[in-house]
Number of protein chains: 2
Amino acid sequence: MAKVTANQGLTERLQAALKERGQRWTDQRQIIVDVLAASDGHATGAELVERVRQDDPSATPSTVYRTLDLLEELGLARHHHGPDGRETYHLEETTEHGHLHCRGCGAEQELDAAAAAPILRAITGATGFSADLDHLSLQGLCAACRADQKG
Amino acid sequence: MAKVTANQGLTERLQAALKERGQRWTDQRQIIVDVLAASDGHATGAELVERVRQDDPSATPSTVYRTLDLLEELGLARHHHGPDGRETYHLEETTEHGHLHCRGCGAEQELDAAAAAPILRAITGATGFSADLDHLSLQGLCAACRADQKG
DNA sequence: ATGCTTATTGCAACGTGTTGCGATAGACTT
DNA sequence: AAGTCTATCGCAACACGTTGCAATAAGCAT
């Protein structure tokens, strides 16, 4: 049985977008999109490289990273930097969201658009900046850790 | 003429803090603190390494980075990650502040504690998190670029 | 099907930062 | 002043990403 890509619609959109720009559809790109979709939460660049190499051992990091850049250009993927500076990628299909890292317990929490709205408003109010939620990556202490510190 | 360190007070504080922890004061550490103080705005790790090597060509990256980590542990320095993930260091003497990067014009703007207060409040209100201002590094569009886009 | 154009790939080298380990050299004791 | 203990240093190797270049192969035209 032929391996059916789990992302028919996505793949088609991608193929169309590439054609329009005179760019090409390749097996590697299919694999990378599949892997990204499969690790739908968040994956670092290195993790994605490794997973892609399980499907196609001939793939190299440069190709994977270049494809990820391309997917971002096309608006299909996003990346942000964790508190340690490493890259984390996710598909744009996931709703736009920010990230919160607790330096106490190490927990990571997502911040959806609704929860972020007052924050973004405060940023615009204080600075005139309209901040990108997808690039919002905060570090601090979560409620539980703050309570612990007081105890 | 002996080279006089420009940071008497800082150096003394540092020496005392190290002694208390059973750690040592070395020429390299003096140089690194001096360099950090001299490039008082913000400098990437690589820039700092290069400047330190001008004063002491025998210094190696590992030493510089390890010292920077130590200075952070002691609360004397801070680093955050720019939008490209590179590290940027500054002395803690500078008042705590966040950073805003405009993806339109590339401008970088500082965010002082007063301006940030309503933002931090909004974050706590929305999430329970108490965010670290020093690690706050936002990307978005500045007021000018937003106006341009509308034009 | 064959050939042409050029986007994509793999490779190799680089840039930034981190880590393990043996050698060096601070700081303290005698 | 000499010796001891161990923090720090330099080195070499590694991890994550990026970039230039020559070889490959995708997509189109014939």
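The sequence lines fix the lettering, A, B, ..., with proteins before strands; numbering per chain opens at 1. Any value given below was found using the heavy atoms of this structure, including those in side chains, with hydrogens, waters and symmetry copies removed.
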### Query
Can you name the closest pair of heavy atoms from C105(B) and C145(B) and give their distance?
N-SG, 3.5 Å
### Query
Residues two or more places apart in sequence or in another chain: which of them pass salt bridge (charged side-chain N to carboxylate O under 4.0 Å, His left out) with R24(B)?
none
### Query
Is a side-chain donor-acceptor pair under 3.5 Å present for E47(A) with H42(A)?
no
### Query
Taking atom C1' of dC28(C) as reference, at what distance in whole Å does atom CG of L18(B) sit?
16 Å
### Query
Within this structure, what is the CD-to-P distance between E87(B) and dG15(C), rounded to whole angstrom?
18 Å
### Message
Closer than 4.0 angstrom, basic N to acidic O: yes or no for E87(B) and R78(B)?
### Response
no
### Outermost nucleotides of DNA chain D that come under 4.0 Å of a non-hydrogen atom of chain B
dT6(D) to dC11(D)
### 5' precedence on DNA chain C between Q23(A) and Y65(B) (nearest-nucleotide basis)
Q23(A)
#### Entry: ring pair (Phe, Tyr, Trp, His ring centres under 6.0 Å), paired with H99(A), selected from H135(A), H80(A), H79(A), H81(A)
H80(A)
Dump every N/O contact between nucleotides 2-6 of chain C and the protein below 3.5 Å, one line per pair.
unit_1: dT6(C); atom_1: O2; unit_2: R24(A); atom_2: NH1; d: 3.2
unit_1: dT6(C); atom_1: O2; unit_2: R24(A); atom_2: NH2; d: 3.2

### Message
Nearest whole Å is fine: how far is dT18(C) C1' from L70(B) CG?
### Response
16 Å
### Summary
In whole angstroms, the gap separating C1' of dA7(C) from CD of E20(A) amounts to 17 Å
### Query
Are the side chain of T88(A) and the backbone N or O of G82(A) linked by a donor-acceptor pair below 3.5 Å?
no
### Query
Does T63(A) have a side-chain nitrogen or oxygen under 4.0 Å from the phosphate oxygens OP1 or OP2 of dG10(C)?
yes
### Task
Could you check how far NE2 of H81(B) sits from P of dT16(C), rounded to whole Å?
15 Å
### Task
Check the distance between dT8(C)'s P and L14(A)'s CG and give it to me in whole angstrom.
11 Å
### Query
Within this structure, what is the CZ-to-C1' distance between R86(B) and dT16(C), rounded to whole angstrom?
7 Å
### Query
Do the side-chain N or O atoms of Q28(A) get closer than 4.0 angstrom to the phosphate oxygens (OP1, OP2) of dG10(C)?
yes
### Task
Using atom CD of Q30(A) as one end and atom P of dT8(C) as the other, report the distance to the nearest whole Å.
15 Å
### Query
What does G85(A) touch in the nucleic acid at a heavy-atom separation under 4.0 angstrom: a base, only the sugar-phosphate, or nothing?
nothing
### Task
Would you indicate whether D27(B), at its atom CG, is surrounded by more than 12 heavy atoms from other residues, nucleotides or ligands within a distance under 6.0 Å?
no
### Touch class at under 4.0 angstrom, heavy-atom based, for S58(B) against every strand present
sugar-phosphate
### Query
Looking across every strand, which nucleic acid part, if any, lies under 4.0 Å from R66(A) by heavy atom: base, sugar-phosphate, or nothing?
base
### Query
Hey, quick one: are L100(B) and L111(A) part of the same hydrophobic cluster, counting side-chain heavy atoms closer than 4.5 Å, chains of contacts allowed?
yes
### Message
If you assign each of S62(A) and W25(A) to its closest nucleotide in DNA chain C, which residue comes earlier from the 5' end?
### Response
W25(A)
### Query
D132(B) side chain to D134(B) main-chain N or O, any donor-acceptor pair under 3.5 Å?
no
### Message
Any side-chain to backbone donor/acceptor pair from T63(A) onto A59(A)? Under 3.5 Å, distance only.
### Response
no
